[in-house]
Structures are given as C-alpha cells and as structure tokens.
Enquirer: 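Pasting a structure below so you can have a look.
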Amino acid sequence: MVHKFDGPAATGFFTPQRFDAEVLDCEVDGVIPADIDGTFFRVGGEWFYPPKFADDAFLHTDGYVSSFRIRNGRVSYKGRFVRTPRFKSNLEAGRQQFGYYRNRFTDDPAVAGLDATVSNTAPLVHAGKLFTLKEDALPYQIDPVTLETIGPWNFGGAYKSQTFTAHPKIDPLTGEMITFGYEATGPASDDLFLYYVDKAGKVGREVRLKVPYVSIIHDFAVTQKHVIFPFACYTTSLERLKAGKIHWGWDKQLPSMIGILRRDGDGSDIRWFKGPERCMMHVFNAHSLGDKVILYAPFYESNFFPFFPNVDGSPWDPSKAVSHVRKLTFDLSKPGDGWEEEILFHTPISDLGKVDQRFTTLPQRYAFTNFSDPTRPFDEARAGNMRGRVSNSYGRFDLHTGALDRYFVGETHTLQECSFVPRRGSTAEGDGYLIGTASNLAEMRTELIIADAQRLSEGDIARVYLPFRAGTQVHGYWWDAEEIGTPTSQGGHSS
Ligand code: V55
Ligand code: FE
C-alpha cells in the first residue's frame, strides 16, 4: 500500500505517475526527416514512494529511463523505472526505507548494506552499452531495447572509484571516454579518481587526486590537452552526515574552485584556481589554445538548490540562483590562481545545455540550451500558474558573435533539456536537429519536439505526442543508428 502522495512535489503536471510505459506507434504532427534514425534516451526521476523527509532533495527521486526510437518517420516510446537495489527493496517492503539523499545514517537499518543510488541523472552510451548515471554510484547498465536493468558496471573490476560522474566526456576524434568519480572512497572522502577508457570500453589510465575541500563536482570539461574540474561549491563532512543532516550545505565563505591538469600527465601538475562565490554545476565545452584554457559554462551566481541549505542559516536567495552563458579564461603560462570571466549573454538560461557533441574537447562556436523568453505569451488560464518557472524557448547561442537564434514552443508548454542530432553526412558544427521533450501543461501530456538547429526561429518540423505526462527529465542522449552497437529494433513499429 502506498499512502496518497501530497505536498508540493505531487501536484499538477509533476505528480508521480509510477508506471512503466510503452507506446508502439506514436502520434506525429509534421514530417520527421528520413535521415533521423536512432534513439533519444532520457533519464530523470520521480518518487515511487514518497520521501522519508519532506525536505529531501528531488535529486533523490527514483531513476526512470525512457526512449524514443525514431526510424522512417515513425516513433515508438518506452519508459521504465531503473531497477536499482533501492527500488527493488522498497517495492518489496512496500514503502520508503531510505532517508536523505546521500546520507546513509538516515536510512532504515534494514537497508544498510544496499546500494542506495537512484541512478536518475543521465543516460550514457559508450562502447555499445547503455547506462543510467548518478554521481553517487557506479553506472547501471540498461538493455537499450527493453530498458530492463542489467546491473551496476565496474568495467570488469578496473574502475575502482565507488562513484562515477553523470557527465563523462567522449573525445570525438578517438572515441575515448574520460570520466571520474568524486567522494571516490566513500561519503565525504576527499578522493577524486580520473579515468581514461578506450573506445572499446577498456579502462586504461587511472589518476588519483585529492581535492582541497569536498564539494559536489557534478560535471567537468576536457580539451585535447587538459582536464578541468569546476566545483559546484557545496560542502559536506562526515560529522555533518553522522548528525543526520542533509549531505550538502552552501557555505559562501568558501572560494569557488576549479582544478586544471594535463590530460596526458599523472595529476601532479594539477593547479587549483580560486574565484568569487559561484555555483558551478554544468559546462558547455572547453578547448586549449597554447597555454590558455577556454571554458564555456552556464554557471550560477550562488546556491541553485533550495533544498541544500545555506550553512549560515540565511534563507535561499532565488535572485542569485540565476545562470548565464559565461566564458572563463585560464592562462597557464602565468603564476597565480585566478581566472578571467565574462558573461556572454545577459539572458538567464537553463544550465542543462548541449553542444554539437562532434566538437567536445575542440574549439566550438555554438551552445544550445532552453531559457525563458519573457516577451512570449503564457496562457495561465489553460496552463496554470507556473510562478515564472516556464522554459518556453530553445536558443542557439553564438559564442563568437553574440547572436541568439530562438525557438518558441508555445504558450502552454515548458521545455526540458534539448539534445543535438547531427545531420547525416554533414560535418559542419551545428548542422543537425534539436530534439527534446516539452510538457504540455494544458493538455497534461508530453510532446517530443524536433527542430532544425540552424533554423530555430522557423519553429519545429515535427512533434510527437505521448498520451500521458512522461516523467521529468534531467538529461538526454542521442544514440544514432550509425554508431557501433546500436540495437536494430526496439519493439513497436520497428520490429
Ligand atoms: C545535479 C543533478 C543531480 C545530482 C547532482 O543538476 C547535481 C545537477 C539529478 O541529479 O545528483
Ligand atoms: Fe547534470
């Protein structure tokens, strides 16, 4: 028995639905280009059982993986909860047994030895395998056709960190995956392990690092020559966890911190750069230019997450939970520990963004992300009061010229993160499609948007309709059918 969901996490569009789903042949409006052939994977989470503590983080919702298989202009959909040990154990018990996000001291004693990850953050495809990722645990391998959970993956025992980032980087020139885990040897540990995994999925080098303070390191950047670790700048300690507190707090006294090391080195050259108060969660991309490292990233001014309290007891400040497209420049030929920083666009953006993945690690011109365009209408009568939390546009942000090309989704919709689909046969940066889901708040269903990434202002070229609300997405991933190891069918129309 599940107690009826209530509270703010359980109203309207975002009420948990709690089912696995399949749609064999989806409704489509418009024409999906024939050269789009692949699967759009999404990962997010929803509470399968309500949280034990009302102030627990939504980062702790049960992982849910879904797929839109697109082929010959037709689309099939699947969605499944990730069968983590936590999910299965809760289902057996019929209730929530796990306490605060990443505080095992607040769990029921019965689940002490179990992996507590919810695996709810990002899909990854590497070496022909599909995974769901969460930075507090190993990847969970998922069957790309059925979306069944196969189990945790430690690369045949060669991957030693207990944790694995939700944002590995794949070098488009070699297929090498560069990845890491922080809190690598246990909760609140200051170990950061960096790994180089070849295109066949074999772990090559491991580099062990120590961090100057234990922070969320949610994402990172890799260039052809360097590896860059921005701290989200949250803080924790074992004492904090033992006291039964929320894992992360915000301490504005701490400097913001970015570590840079050579990609081909052993880590002994790492330099820690310091800056003013910043919440540095996601990046767009970075490249090396001589002795300079240039990082493009959507950093926040301060604490973005209202559920991670300020350690000084001050209230969360929404006016500083704002993200902009920033350019950071590090001059490694100079001593000192500062960087130069510039806001390139004054439009506040969602920090869940993408670049054309064929340019990861390389100089690159465009960043794509969603944002709220206040000049566009919102139909509150039909869509409800979203209290300003509507993301109604995709943007192509030209980092060279400052131009912003915009796509508007509609006056009853809000967008999730977009992903980039390269156009078949093209090599030009940004030549392809943007794909992503939108919540139709008036009709209470999810729509998949496909737009031409070079003609965003012309509107979408096709929309795919689900007859229900698909769960909230955090990150998505496009797996093109041309890539090695792609499943040839996914049930539904394509089998
Ligand atoms: C983020 C998301 C997470 C997480 C830590 O967006 C940071 C940042 C959905 O999970 O666990
Ligand atoms: Fe992320």
Side-chain angles (χ1 to χ4, degrees), residues 9 14 16 41-48 51 56-66 81-82 84 86 98 100-104 115-124 131-140 162-170 179-183 187-188 214-222 229-236 246-250 278-285 297-300 302-308 321-323 349-355 357 360 367-370 389 391 416-419 436 471-477:
F14 304 102
F41 290 102
R42 303 162 69 243
V43 171
E46 59 178 40
W47 297 108
F48 191 75
D56 196 7
F58 89 88
L59 308 185
H60 210 193
T61 51
D62 294 283
Y64 194 89
V65 55
S66 58
F81 279 98
V82 183
T84 58
R86 161 180 148 132
F98 293 79
Y100 279 123
Y101 174 58
R102 294 174 83 172
N103 189 339
R104 305 305 308 271
D115 187 348
T117 193
V118 288
S119 211
N120 71 357
T121 311
L124 165 72
F131 303 99
T132 56
L133 305 178
K134 177 77 170 179
E135 65 200 61
D136 65 351
L138 291 173
Y140 270 71
Q162 294 175 18
T163 60
F164 188 103
T165 180
H167 293 285
K169 296 291 175 278
I170 296 171
T179 188
F180 72 96
Y182 72 91
E183 295 193 353
V214 184
S215 166
I216 293 182
I217 310 175
H218 179 67
D219 193 354
F220 77 143
V222 178
F229 288 111
F231 279 23
C233 302
Y234 292 92
T235 175
T236 191
I246 289 171
H247 191 111
W248 300 110
W250 182 264
R278 286 275 179 279
C279 180
M280 305 189 287
M281 200 67 72
H282 289 102
V283 307
F284 285 119
N285 199 8
F299 292 153
Y300 296 95
S302 179
N303 185 5
F304 171 62
F305 287 136
F307 43 76
F308 292 151
V322 178
S323 157
I349 54 164
S350 159
D351 87 319
L352 308 185
K354 286 283 167 74
V355 295
Q357 56 271 25
T360 301
F368 300 96
T369 193
N370 54 298
R389 290 182 292 113
S391 190
Q416 280 90 60
E417 178 199 68
C418 57
S419 288
T472 309
Q473 175 190 324
V474 183
H475 295 292
Y477 195 100

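Computed from a predicted structure; not experimentally measured. Residue numbers count from 1 along this sequence. Ligands are counted one by one from 1 in listed order, and the atoms in each one are counted from 1 as well.
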Enquirer: In the protein, which heavy atom is nearest to atom 9 (C) of ligand 1, and how far is it?
Expert: Thr121 OG1, 3.4 Å
Enquirer: Identify, by atom number and element, the atoms of ligand 1 in contact range of Lys134, meaning under 4.0 Å from any of its heavy atoms.
Expert: 3 (C), 4 (C), 9 (C), 10 (O), 11 (O)
Enquirer: I need the Thr117 OG1 to Asp136 CG distance, nearest 0.5 Å.
Expert: 3.5 Å
Enquirer: Just say parallel, tilted or perpendicular for the rings of His475 and His218, cut-offs at 30° and 60°.
Expert: parallel
Enquirer: Can Asp351 and Tyr300 be said to form a side chain to side chain donor-acceptor pair (under 3.5 Å), step by step?
Expert: CA-CA 8 Å; Asp351 87 319; Tyr300 296 95; 2.9 Å; yes
Enquirer: If you measure from each non-hydrogen atom of Phe58 to ligand 1, which part falls under 4.0 Å: side chain, backbone, both or neither?
Expert: neither
Enquirer: What are the protein N, O or S atoms, given as residue plus atom name, that sit under 2.8 Å from the Fe ion (ligand 2)?
Expert: His167 NE2, His218 NE2, His282 NE2, His475 NE2
Enquirer: What is the minimum heavy-atom distance between Asp56 and His60, and which atoms define it?
Expert: OD2-ND1, 2.7 Å
Enquirer: Give a yes/no on ligand 1: does Tyr101 have at least one heavy atom closer than 4.0 angstrom to it?
Expert: yes
Enquirer: Taking the six-membered ring for Trp and the single ring otherwise, decide whether the centroids of Phe220 and Phe180 are under 6.0 Å apart.
Expert: yes
Enquirer: Run the numbers for me: atoms of ligand 1, each under 4.0 Å from some heavy atom of Leu59, listed by number.
Expert: 2 (C), 3 (C), 4 (C), 5 (C), 9 (C), 10 (O), 11 (O)
Enquirer: Who's the nearest protein heavy-atom neighbour of atom 6 (O) of ligand 1, and how far?
Expert: His282 CE1, 3.4 Å
Enquirer: Name the orientation class of the two ring planes belonging to Phe308 and Phe305 (parallel below 30°, tilted from 30 to 60°, perpendicular beyond 60°).
Expert: perpendicular
Enquirer: Quick one: which ligand 1 atoms are inside 4.0 Å of a heavy atom on Asn120?
Expert: 9 (C), 10 (O)
Enquirer: Which protein heavy atom lies closest to atom 7 (C) of ligand 1, and at what distance to 0.1 Å?
Expert: His218 ND1, 3.2 Å
Enquirer: Could you tell me which atoms of ligand 1, counted from 1 in the order shown, lie closer than 4.0 angstrom to a heavy atom of Glu135?
Expert: 4 (C), 5 (C), 7 (C), 11 (O)
Enquirer: Over 60° means perpendicular and under 30° means parallel, so tell me whether His247 and Tyr101 are parallel, tilted or perpendicular.
Expert: tilted
Enquirer: Does Phe299 have Arg278 sitting over its ring (NZ/CZ under 6.0 Å from centre, angle to axis within 45°)?
Expert: no
Enquirer: Distance under 4.0 Å to a non-hydrogen atom of Met281: what atoms of ligand 1 satisfy this?
Expert: 8 (C)
Enquirer: Mind checking the CE-OG spacing from Met280 to Ser215? Nearest 0.5 Å is all I need.
Expert: 8.0 Å
Enquirer: Could you list the residues that satisfy salt bridge (charged side-chain N to carboxylate O under 4.0 Å, His left out) with Asp219, not counting sequence neighbours?
Expert: Lys169
Enquirer: Any Lys/Arg nitrogen of Glu417 or Arg42 sitting under 4.0 Å from an Asp/Glu carboxylate oxygen of the other?
Expert: no
Enquirer: What part of Phe305, side chain from CB on, backbone N/CA/C/O, both or neither, has a heavy atom under 4.0 Å from ligand 1?
Expert: side chain
